[in-house]
Number of protein chains: 2
Amino acid sequence: MDSIQVGDFKFRLDLSKPLYEQVLQHIRQAIARGDVQLGTKLPSVRDLAQQLKLNPNTVMRAYQELDRDHLTETRRGQGTFITSNSETVEQVKKALAREAVIAFVSSMKNLGIDRSTTESFLKEVTWHE
Amino acid sequence: MDSIQVGDFKFRLDLSKPLYEQVLQHIRQAIARGDVQLGTKLPSVRDLAQQLKLNPNTVMRAYQELDRDHLTETRRGQGTFITSNSETVEQVKKALAREAVIAFVSSMKNLGIDRSTTESFLKEVTWHE
DNA sequence: TTAAGTGTCATATTTGATATAATACACTTA
DNA sequence: TAAGTGTATTATATCAAATATGACACTTAA
């Protein structure tokens, strides 16, 4: 259990990818899953940085990308808040799902694996929700 | 069409990932797909490097990883040859497919998307072989 | 008004993986 | 022997990521 709980969010960081990207993904997924209430405030840049032992700039980069996707809104002097627009969340969620599907299908096709075989592979996976 | 044909292999390199990794993937996928005959010789390290305008060390790194997976065998002074063991190829192919499936399922679960919804997404994809 | 907490910006520096450059060595084959 | 193989070594260059540090503008509550 090398994951860190900060507010409503759980983070598990490693060296496989850029840290700012991992922070971004964790928060984005929490929002997409509905693990956090819409409209609530994210931890402050400095807070999160301190708790994750990261540089504030690294956290800020993640927050700015969330803003770009309109998953968050930043109010100067107040903080960064999760959007209250559930439709935006739904759109982003679908977009991310689509990306994942495209990447997956591409991988399988690159291996020369056809549709039905891919579906078979998928059926073999035990799916703990 | 910014892809380069070298022997039986087609390469399309970009800046999204390490070059040695892309070279590795292209060759690995060609073998897995059965696009190249088992037992045949890969382009020499120097040849491939020259044609792809890469450093020989970069190509060598890709070749060494292929060797590690036993997809190729290197004979000193002769070159690097694709394995003749079709079972090995089949194993690697399955392993790569499994990896892709695992990663995909993980992504979908991280988004809070269940199995049946995932299957629906998959059905929406047009699958040109 | 003030102080603390917010996001933001700018600049410089460090770090680590990637890639290149240039040689050299050992082996095989024609 | 010469040309073609893979391999190893050392040095250097490059670039994105991450850090360090300090400053600024705004909001809120004391």
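Naming: A, B, ... by sequence-line order, numbering from 1 per chain. Values reported hereafter were calculated over all heavy atoms of this structure, with side chains retained and with hydrogens, waters and symmetry mates removed. Every value quoted in this text rests on a predicted model; they were computed, and no experiment measured them.
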Please list every donor-acceptor pair under 3.5 Å in which a side-chain atom of residues 23-30 of chain B meets a protein atom from a residue at least two apart or in another chain.
unit_1	atom_1	unit_2	atom_2	d
B:Gln25	OE1	B:Lys17	NZ	2.9
B:His26	ND1	B:Gln22	O	2.9
B:His26	NE2	B:Arg12	N	3.3

Exercise answer: donor-acceptor pairs, residues 77-87 of chain A side-chain atoms, under 3.5 Å, sequence neighbours excluded:
unit_1	atom_1	unit_2	atom_2	d
A:Thr80	OG1	A:Thr74	OG1	3.1
A:Thr83	OG1	A:Asn85	N	3.0
A:Asn85	OD1	A:Glu87	N	2.9
A:Asn85	OD1	A:Thr88	N	3.3
A:Asn85	ND2	A:Thr88	OG1	3.3

Could you give the side-chain donor-acceptor pairs of residues 54-61 of chain B under 3.5 Å, partners two or more places apart or in another chain?
unit_1	atom_1	unit_2	atom_2	d
B:Asn55	OD1	B:Asn57	N	2.9
B:Asn55	OD1	B:Asn57	ND2	3.3
B:Arg61	NH2	B:Tyr20	OH	3.3

Let me have the donor-acceptor pairs involving side chains of residues 94-105 of chain B, under 3.5 Å, with sequence neighbours excluded, atom names and distances please.
none

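Annotation: side-chain contact (heavy atoms from CB on, under 4.5 Å) contacts of B:Val6 (sequence neighbours excluded): B:Ile4, B:Phe11, B:Pro43, B:Leu48, B:Gln51, B:Leu52. In this structure, the side-chain hydrogen bond (donor to acceptor under 3.5 Å, both in side chains) partners of A:Thr117, at least two apart in sequence or on a different chain, are A:Asp114. By the side-chain hydrogen bond (donor to acceptor under 3.5 Å, both in side chains) test, A:Ser16 is found to be paired with A:Asp14, residues two or more places apart in sequence or in another chain being considered. By the side-chain hydrogen bond (donor to acceptor under 3.5 Å, both in side chains) test, A:Arg76 is found to be paired with no residue, residues two or more places apart in sequence or in another chain being considered.
We find that CZ of B:Arg46 is positioned 12 Å from C1' of D:dA8, with the value rounded to whole Å. Distance A:Leu48 CG to D:dA18 C1': 15 Å, rounded to the nearest Å. Rounded to whole Å, the distance from NZ on A:Lys53 to P on D:dA18 is 17 Å. Here the P atom of nucleotide D:dA18 and the CG atom of A:Leu52 are 12 Å apart, to the nearest Å. Across the protein-nucleic acid pair, B:Leu42 atom CG and D:dT5 atom P stand 12 Å apart, rounded to whole Å. Between A:Gln50 atom CD and D:dA18 atom C1' the separation is 18 Å, expressed in whole Å.
First and last contacts of DNA chain C with chain B, using any nucleotide atom under 4.0 Å from a protein heavy atom and ordered 5' to 3', fall at C:dT18 to C:dT29.
The phosphate of D:dA8 (OP1 or OP2) has a side-chain N or O of B:Gln64 nearer than 4.0 angstrom.
Listed by first then second residue, pairs satisfying side chain to side chain donor-acceptor pair (under 3.5 Å) with a partner in residues 38-47 of chain B number zero, not counting sequence neighbours.
Using a cutoff of 4.0 Å between basic side-chain nitrogens and carboxylate oxygens, A:Arg115 and A:Glu119 are scored as salt-bridged.
For the contact set between residues 3-20 of chain A and DNA chain D, defined by any heavy atom under 4.0 Å, the members are A:Pro18, A:Leu19, A:Tyr20. Contacts of residues 54-63 of chain A with DNA chain C (heavy atom under 4.0 Å): A:Asn57, A:Met60.
When both distances must be under 3.5 Å, the Watson-Crick or G-U wobble mate of C:dT11 is D:dA20.
Both A:Arg75 and A:Glu21 sit near DNA chain D, but only A:Glu21 has its closest nucleotide nearer the 5' end.
B:Ser106 has its side chain within reach of B:Asn110: a pair of non-hydrogen atoms, C-beta onward, lies under 4.5 Å apart.
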